[in-house]
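A short write-up of the structure that comes next.
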Protein chains: 2
Amino acid sequence: MSSALPKAPRRGLADEAADLVRAAIFSGHFPPGAALREVELAAHLDVSRGSVREGLAQLEREGLVRSGWHRGTTVIDVTAQDVEEVYTLRAALDRLAATTARRTATSEQLSRLDQLIADMAAEIAGTADTRRLVTLDIAFHDQIYTAAGNGRLTTAWQAIRSQLHLFQLRRADAGYDHYRARVVDEHRELAALLRSGDRRTLARLAEEHVDSARRSLLAGLPD
Amino acid sequence: MSSALPKAPRRGLADEAADLVRAAIFSGHFPPGAALREVELAAHLDVSRGSVREGLAQLEREGLVRSGWHRGTTVIDVTAQDVEEVYTLRAALDRLAATTARRTATSEQLSRLDQLIADMAAEIAGTADTRRLVTLDIAFHDQIYTAAGNGRLTTAWQAIRSQLHLFQLRRADAGYDHYRARVVDEHRELAALLRSGDRRTLARLAEEHVDSARRSLLAGLPD
DNA sequence: TGATGTCCCAATGTTGACATTAGAACATCA
DNA sequence: TGATGTTCTAATGTCAACATTGGGACATCA
């Protein structure tokens, strides 16, 4: 939660409002399709409508909500097509991130990947809190994008990151055991290829890693 | 400029403000690094600061401007690293868009590509307005993304589209003749492979198309 | 003289009030 | 009775005033 220097990034109320609403969506307080009324949120969060409005615009950038002219803002629905779109794009982004990070990652960043894998393994051996497992999974990929060091690529990743989080959460709630069974091995293999794999093999694995996730999620979607 | 049905999408003032400022940036009225003051813009566009603010946030999504806490908004600078980042990401996105469109494009959409190529050729044979040529070039790729039909992919494309436009404009202003010499052939080849090429060849060409553009732009950047 | 602290102002962040709109409920007519 | 036009209202879009902040100019001191 803290770097060497927290660098205290003074943020605006809009950012905090966005964080709060995002957390509420992840927690299930606002289910898919729910309407997010500005006045209601403003009163509940004790900030002005302007700030809430700006925060919602931020969530729209992340693809978590949709809004239209005078039609308000609603939480996105999780349809099969949404899943298809997000995972297809993610495969392309992950492929680029991995092959780039293979050249640019520092040994420190690579050890951080090992640490995250160890955390996953510990979590599975322990209480196996699937919610936390998903967070670690995403943090692992965050780290790869950071190591790649391409700001625009990271922005594109963040534009689907929250949606992905929502999807994986739904996957977790439905109780997919084989996700827990394979998540550690798959990431360990990715980390190994990042260290000393050839580019093409790594590229293919990065794509397959995402494809397998997509298939397993789609299999459990009644939509 | 007009589809069969303009479908009159009632837009807010924020969107119009964004369009106006974007055009002003492209026209050179706001050069790279220029500060975009909210009060100034609001007065000039005759809208409130709130709308300007929202419009600027939109331009930030497009990567055309950057802003920080209490430090205002400025037009992005065009450094070598920026070019590197944008074109690298674009290669990955174009690759996915092309391989997807190869499966999903309708014959109508493919003919529209041919039409755009014809427009380019006519432009070169005529006045050779490089500014319009760049617009056609980007419209060509817009069409491929539309044909791919992946909303998230299109969003990711739009997040770098404006920056790309700015880069290509600079490239045009510097007067790169061999861009004009090759642009038609390259796009014709892309269109042909979209119709009847195998996936791997198309993927490679899509990447190379972007790579050649990047190299030619970087060669002319003193930064 | 140069490093440090203080003040000030221009610009952004925030807010509540007012204007406008989309959609639903109702009334009207063929 | 079903389609069309009207009214109403809750919610969003817009606005201008107020609060807060970052950075530079100036003064102060070792």
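So that the names make sense, note that chain A is the first sequence line, chain B the second, and so on, each numbered from 1.
Note: CG (A:Leu45) to C1' (C:dT15) measures 15 Å, nearest angstrom. What separates CG of B:Leu13 from P of D:dT14 is a distance of 4 Å, to the nearest Å. The CZ atom of B:Arg49 sits 11 Å away from the P atom of C:dA11 (whole-angstrom rounding). One can place CZ of A:Arg66 at 19 Å from C1' of D:dT12, the figure rounded to the nearest angstrom. D:dT12 atom C1' lies 13 Å from atom CG of A:Leu36, rounded to whole Å.
Across the interface with DNA chain C, nearest-nucleotide mapping of A:Ala14 and B:Arg37 shows B:Arg37 to be the residue nearer the 5′ end.
The shortest distance between the side-chain N/O atoms of A:Ser48 and the OP1/OP2 oxygens of C:dT15 is below 4.0 Å. Contact check, A:Trp69 against C:dT21: no side-chain N or O comes under 4.0 Å of OP1 or OP2.
Side chain B:Arg71 to base C:dG13: no donor-acceptor pair is found below 3.5 Å.
With salt bridges taken as basic N to acidic carboxylate O contacts below 4.0 Å, one links B:Arg195 and B:Asp114. Under a 4.0 Å N-O distance rule, the pair B:Arg180/B:Glu123 does not qualify as a salt bridge. Salt bridge status for B:Asp82 with A:Arg152: present, with a side-chain N to carboxylate O gap under 4.0 Å. Using a cut-off of 4.0 Å between Lys/Arg side-chain N and Asp/Glu carboxylate O, A:Arg214 and A:Glu84 are scored as salt-bridged.
Closest heavy-atom contact between A:Ala156 and B:Leu89: CB-CD2, 4.3 Å.
Listed candidates were C:dG13, D:dC15, C:dT12. Nearest to the side chain of B:Arg53 is C:dG13. With C:dG13, D:dT12, D:dC15 as the choices, the nucleotide that has an atom nearest any side-chain atom of A:Val39 turns out to be D:dT12. The side chain of B:Ser51 lies closest to D:dT14 when the candidates are D:dG13, D:dT14, D:dT21. With distances taken from any side-chain atom of A:His70 to the nucleotides D:dC15, C:dG13, D:dG13, the minimum falls on D:dG13.
No engagement by B:Gly50 is indicated, since no non-hydrogen atom pair under 4.0 Å with the nucleic acid exists. Among the atoms of the strands shown, none is found under 4.0 Å from any heavy atom of B:Leu56.
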